[in-house]
Amino acid sequence: VILLDLSPSMLAQDSKPSRLVRARFKLIDILSERREGYTALIVYSGSAHVVSPLTEDTNTIISMVNSLEPSIMPEYGSNLEEAIHTALEIVKNGGLDSADLLLITDEVASSAIPTITSSLSKNGNFRLSILGIGTAEGAPIPLPYGGFLKDNRGGILIAKINTEDLKKLAEINRGVYRPLSNDDRDINALMAVGNMPLVDETREMERTF
């Protein structure tokens, strides 16, 4: 299950031409690499929405990727908790109790990490990996009609990627974190983890014994 962040900060242009455009390119590459199994796509901002339920037809998902942008979302925000809950519901409704989740985002709130980790551990056998989009220097968030998003004091907001929290979230949930790269190293690392069996190590050792 792929979770794509469509919060306004994904419009920042520190990753050229923008974080969102680069994320969509990577998403298409990942979907094109999928040769077997089921794939679902969720987008989220202030709320989470299913673009595609579990399907073997990744080409159908690819055809919708370029239309995904923050303006299609009913409310702005970064509600990753709801996106995770929606992902778990998709897996459950598919009659499964295990899945790999891939999050494509530029941030996660530190306060959300315990909630997300608890949800994943209590509801089945899940692994969460993350592709981080953006830079530590950050960039302003452009508005649709010109100018940039400002804070309550009138200063221009600079959206920066919070790498440490993203790494922490992935590692706690048995996944890997990879920053956006200009080649396929990020995708290859994420796909390699996704191709590893979702089994308990102790159980595997007992079988070997």
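Residue numbers start at 1 and run along the sequence shown.
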Donor-acceptor contact below 3.5 Å, side chain N162 vs main chain V108: yes
Between R178 and N188, a side-chain donor and acceptor under 3.5 Å: no
Nearest atoms (heavy-atom pairs only) where S129 meets G175: OG-CA, 3.4 Å
Any donor-acceptor N/O pair, S63 side chain to T60 backbone, under 3.5 Å: yes
Residue pair M73 / S45: nearest heavy atoms and the distance that separates them: CE-N, 3.6 Å
P140 side chain reached by I158 side chain, heavy atoms, under 4.5 Å: yes
Within-4.5 Å side-chain heavy-atom neighbours: I116 and E81: yes
Same apolar cluster: I2 and V176, side chain cutoff 4.5 Å: yes
Note, M191 side chain near I30 side chain (heavy atom, < 4.5 Å): yes
Trace of the side chain to side chain contact (heavy atoms under 4.5 Å, CB included) decision for L88 with L120: CA-CA 8 Å; L88 298 180; L120 293 175; 3.9 Å; yes
Smallest separation among heavy atoms of I61 and T39, with atom names: CD1-O, 3.9 Å
Shortest non-hydrogen contact from A48 toward T86: CB-OG1, 3.7 Å
Residues R22 and S15: side-chain donor-acceptor under 3.5 angstrom: no
Gap separating the CZ atom of R127 from the CG atom of L102, nearest 0.5 angstrom: 11.5 Å
Residues L27, L41; criterion side chain to side chain contact (heavy atoms under 4.5 Å, CB included); working and verdict: CA-CA 10 Å; L27 175 54; L41 175 61; 4.2 Å; yes
Flag, side chain of R35 to backbone of S32, donor-acceptor distance under 3.5 Å: yes
Close side-chain approach of L20 to E69, heavy-atom, < 4.5 Å: yes
From F148 atom CZ to L11 atom CG, the distance as rounded to the nearest 0.5 Å: 11.5 Å
In one Ile/Leu/Val/Met/Phe/Trp/Tyr side-chain cluster, 4.5 Å: L103, L31: no
From D5 atom CG to N79 atom CG, the distance as rounded to the nearest 0.5 Å: 10.5 Å
Connected via hydrophobic side-chain network under 4.5 Å: V65 and I72: yes
S47: partners by side chain to side chain donor-acceptor pair (under 3.5 Å), with sequence neighbours left out: H49
A40 versus I90, closest heavy-atom pair with distance: CB-CG2, 4.0 Å
Single-linkage hydrophobic cluster, 4.5 Å side-chain cutoff, I104 and L101 together: no
Check: P114 main-chain N/O paired with T117 side-chain donor or acceptor under 3.5 Å: no
N125-S98 side chain donor-acceptor pair, cut-off 3.5 Å: no
Distance in Å, T58 OG1 paired with Y38 OH, rounded so as to fall on 0.5 Å steps: 13.0 Å
Heavy atoms of other groups near N182 CG, more than 12 under 6.0 Å: no
Distance in Å, N173 CG paired with I84 CD1, rounded so as to fall on 0.5 Å steps: 8.0 Å
Where S71 and Y76 come nearest, the two heavy atoms and their spacing: CA-OH, 4.1 Å
Same cluster (ILVMFWY, side-chain, under 4.5 Å), I130 and L80: yes
Spatial distance of atom CG (D106) from atom CZ (R19) [nearest 0.5 Å]: 4.5 Å
R185/D183 under salt bridge (charged side-chain N to carboxylate O under 4.0 Å, His left out): CA gap, chis, key distance, verdict: CA-CA 6 Å; R185 285 177 298 168; D183 53 21; 2.9 Å; yes
Check: Y44 and S78 side chains under 4.5 Å, non-hydrogen atoms: yes
